[in-house]
J.: 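After the structure tokens below, expect a handful of questions from me.
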Amino acid sequence: MSNKNVEHADIVIIGAGFSGMYAIHRLRNYKVVCLESGAGVGGTWYWNRYPGARVDIQSVEYSYGFDEKLQQEWHWPEYFSAQPDLERYANHVADRFDLREHIRFSNPVKSMQFDEVENRWHVYTDNGDHLLCRYVIAATGSLTAPNMPPWPGRDRFKGDIYHTARWPAQGVDFAGKRVGFIGTGSTGIQAMPIIAEQAQELVVFQRTPAFCMPSGNRPLDQAYEQDWKANYEDRRRQMLQTYGASIIEYPTATAAECSPEQQAEILEQAWNSKSSFQLLFAFRDVMTNAAANELVCEFVRDKIRSIVKNPETATSLCPTTYPIGGKRLCIGNGYYDMYNRDNVTLVDVKESPIAEFTESGLRTLSADYDLDVIITATGFDAVTGAMSRIDIQGSNKSTLTDKWAEGPTTYLGAMVSGFPNMFMIHGPSTPAAQAQMITTGEWQVNWTADIIDRMEHEGLVHIDATEQAEQQWAEEVDMVSEQSLHKFADSWYNGKNIEGKKGGFMIYVGGFPRFAELCDSAVANGYEGFIRK
Ligand code: N01
């Protein structure tokens, strides 16, 4: 390996999404280089610009808290911001804090090798950059690598094919078009009602029906905004003390402790609460007790049957094979009503899967569909996908691909034993999307930066996690997921959305406070589980 064009840096940050951007800011007293595959900042909110893309956590929470002036001055027009506003915010932050000078856009990381003698990472990019740095922080996101099922015939199709996570910036004109839409997760549910209004015809290919709760989006009330701004410091602290780093009403009663009348009233209130996920917190045991969960499932099925006029379509839209919340609850606007339109049809591809693209559309095992445009909202190779696409070689030439062959292992979701000086933000076995990701990302960046600062202060050059600590963390992750009903759904949380993907539950569902406490106590207890030298 030639050293001719090697550039030196202290820290390489991978990804200029919200966590990567904050990491640049927090660590700017070092020589920091951020490598980003997109042409702009914002990560998820740069790539996912499909019609209807919108966050499902209120924006006064889903925003940075590190700078008081920023949170006082920024105004969110809506309660749950749409993608253009989130991207505008990301750009504003990048300009306001002079982050761009550290970011190399359209420059994906291709491979990384750890030099055990120098205790440094060699980082190589697709553009030919070669950086030598002491630390790598992978802020690569949980939902970064789009999943495209390998249906044959893609080149044969005469129309256009889009993936929602690679949506063209100039948009797509659906007027007069027959549109086929594959995927009924959070993305599909947001995009389809808008596309149905524009297209001549919308054919929805559904493999598994989703539970969807109405979005409470509305213009942000001025008094409400002022109240948040007057109390930001306290609210940010409170957020970190809740399960999902978000202030919602957390119930004290289990379903069984409520009478049938109370249950019905609580569920109706949760449905109309205009607060995402309130249904999952209707009772204290929705995610831990199958009977309580089924009560909520049946409530939503009743809603579907009351909204969708065609009884056969309504039945197909009712999820029956997994607990509500087992897959992430979808938040939508007019999704079920959309099926009452004359130009929308639902095709069940569970029994008769999609087989291939044809010249004129799609073929399932039982029928052909003529289409002008095909949209795939088929999700992501989540949590591990972005890291797995980089060829990463740690100590003793071990590769991350081999290490994670049976599923990802980490210590505190932050480090992988055998891959020294490499930290991850929102890595496997962190709360990730089970908690509000901007605030918890900021927290993880601060935790990581404190570790790096301490290393520098003490003149240390090498930090790794022990295999034993990794094993213990896996036991903790398994223990909390065993207590929840998440395991009964095939989803991106456990990799079962991708055929052949191995590994267990990849998200920490013990709640953010417990996660943070375990991370903090590891450091406080003399860097328990780490090797530092
Ligand atoms: O992806 P998904 P997503 N044949 O994996 C189907 C976040 N997010 O992009 O359920 C036919 O949920 C698949 O079917 P099945 C949020 O965390 C947030 O929608 O696997 N269908 C499913 O219906 C979310 O959880 C927001 O049987 C196939 C769909 O494609 C995460 O992103 C908005 C198929 C994929 O659903 C991912 O959501 C959007 C096949 N071969 C996203 N393969 C908000 O903030 C896959 N499917 C609101």
Side-chain angles (χ1 to χ4, degrees), residues 18 43-45 47-59 61-62 79-83 86 141-152 163-167 180-192 203-217 244 246 276-277 317 319 321-322 325-333 335 346-357 362-365 374-383 385 426 431-438 486 489-501 506-507:
F18 280 96
T44 283
W45 300 107
W47 292 107
N48 290 271
R49 46 183 78 239
Y50 58 84
R54 182 182 294 285
V55 69
D56 53 6
I57 309 275
Q58 59 168 342
S59 291
E61 295 186 287
Y62 189 80
Y79 211 80
F80 299 109
S81 292
Q83 180 273 336
L86 285 153
S142 306
L143 297 158
T144 307
N147 167 43
M148 185 64 197
W151 296 302
H163 195 292
T164 42
R166 290 292 176 272
W167 202 255
F181 199 105
I182 309 167
T184 53
S186 299
T187 300
I189 274 169
Q190 287 187 325
M192 283 189 275
V203 185
V204 182
F205 296 89
Q206 172 188 270
R207 186 165 69 178
T208 312
F211 288 104
C212 176
M213 182 177 155
S215 154
N217 188 40
S246 174
S276 315
F277 308 112
L317 286 169
T321 55
Y322 63 95
K327 291 171 184 278
R328 189 174 155 105
L329 181 62
C330 300
I331 312 296
N333 210 351
Y335 174 65
L346 181 63
V347 175
D348 185 343
V349 290
K350 182 82 178 171
E351 293 307 317
S352 181
I354 295 166
E356 59 179 336
F357 295 99
L362 272 178
R363 177 168 297 145
T364 68
L365 287 189
I374 296 173
I375 300 171
T376 54
T378 40
F380 300 86
D381 178 0
V383 185
H426 296 309
Q434 280 284 304
Q436 195 262 94
M437 289 187 83
I438 296 189
H486 288 93
D490 291 354
S491 72
W492 65 262
Y493 295 158
N494 53 22
K496 290 194 179 150
N497 63 324
I498 306 279
E499 223 182 297
K501 184 164 174 172
M506 297 188 292
I507 306 289

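This structure is a prediction, so every number in the text was calculated from the model and none was measured. In each ligand, atom 1 is the first atom listed, and ligand 1 is the first ligand listed. Along the sequence shown, residues carry numbers from 1.
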J.: Tabulating one pair per line, provide the atom names and distances (0.1 Å) for every N/O atom of ligand 1 that is less than 3.5 Å from a protein N/O atom.
T.:
residue: ligand 1; atom: 9 (O); partner: Thr187; partner atom: OG1; Å: 2.6
residue: ligand 1; atom: 10 (O); partner: Thr208; partner atom: OG1; Å: 3.4
residue: ligand 1; atom: 10 (O); partner: Lys327; partner atom: NZ; Å: 2.9
residue: ligand 1; atom: 17 (O); partner: Arg328; partner atom: NE; Å: 3.3
residue: ligand 1; atom: 19 (O); partner: Ser186; partner atom: N; Å: 3.1
residue: ligand 1; atom: 19 (O); partner: Thr187; partner atom: N; Å: 2.9
residue: ligand 1; atom: 19 (O); partner: Thr187; partner atom: OG1; Å: 3.3
residue: ligand 1; atom: 20 (O); partner: Arg207; partner atom: NH2; Å: 2.9
residue: ligand 1; atom: 23 (O); partner: Thr184; partner atom: N; Å: 2.9
residue: ligand 1; atom: 25 (O); partner: Trp492; partner atom: NE1; Å: 2.8
residue: ligand 1; atom: 27 (O); partner: Arg207; partner atom: NE; Å: 2.8
residue: ligand 1; atom: 27 (O); partner: Thr208; partner atom: OG1; Å: 2.4
residue: ligand 1; atom: 30 (O); partner: Ala377; partner atom: O; Å: 3.3
residue: ligand 1; atom: 41 (N); partner: Arg207; partner atom: NH1; Å: 3.4
residue: ligand 1; atom: 43 (N); partner: Arg207; partner atom: NH2; Å: 3.4
residue: ligand 1; atom: 45 (O); partner: Arg54; partner atom: O; Å: 3.3
residue: ligand 1; atom: 45 (O); partner: Asp56; partner atom: N; Å: 3.3
residue: ligand 1; atom: 45 (O); partner: Asp56; partner atom: OD1; Å: 3.3

J.: Taking atom types as modelled and ignoring hydrogens, do the side chains of Ser246 and Glu61 form a donor-acceptor contact shorter than 3.5 angstrom?
T.: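 Their side chains do contain a donor-acceptor pair, which is all the 3.5 Å distance test asks for.
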J.: Could you pull out all residues at least two apart from Arg328 that satisfy side-chain contact (heavy atoms from CB on, under 4.5 Å)?
T.: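 Result, side-chain contact (heavy atoms from CB on, under 4.5 Å) vs Arg328: Asp56, Phe277, Ala433, Tyr493.
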J.: Could you tell me whether the side chain of Leu362 reaches within less than 4.5 Å of the side chain of Phe357, counting heavy atoms only?
T.: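 Yes; the side chains approach each other to less than 4.5 Å.
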J.: I'd like to check the side-chain contact (heavy atoms from CB on, under 4.5 Å) partners of Asn494; sequence neighbours left out, ordered by chain and number.
T.: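 Asn494: side-chain contact (heavy atoms from CB on, under 4.5 Å) contacts with Ser491, Lys496, Phe505.
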J.: Any heavy-atom pair between the side chains of Phe211 and Ile189 that's under 4.5 Å?
T.: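 A side-chain contact under 4.5 Å is absent here.
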J.: Under the rule for side chain to side chain donor-acceptor pair (under 3.5 Å), what residues qualify as partners of Trp45, not counting sequence neighbours?
T.: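 Partners of Trp45 by the side chain to side chain donor-acceptor pair (under 3.5 Å) criterion, ordered by chain and then number, come out as Tyr62.
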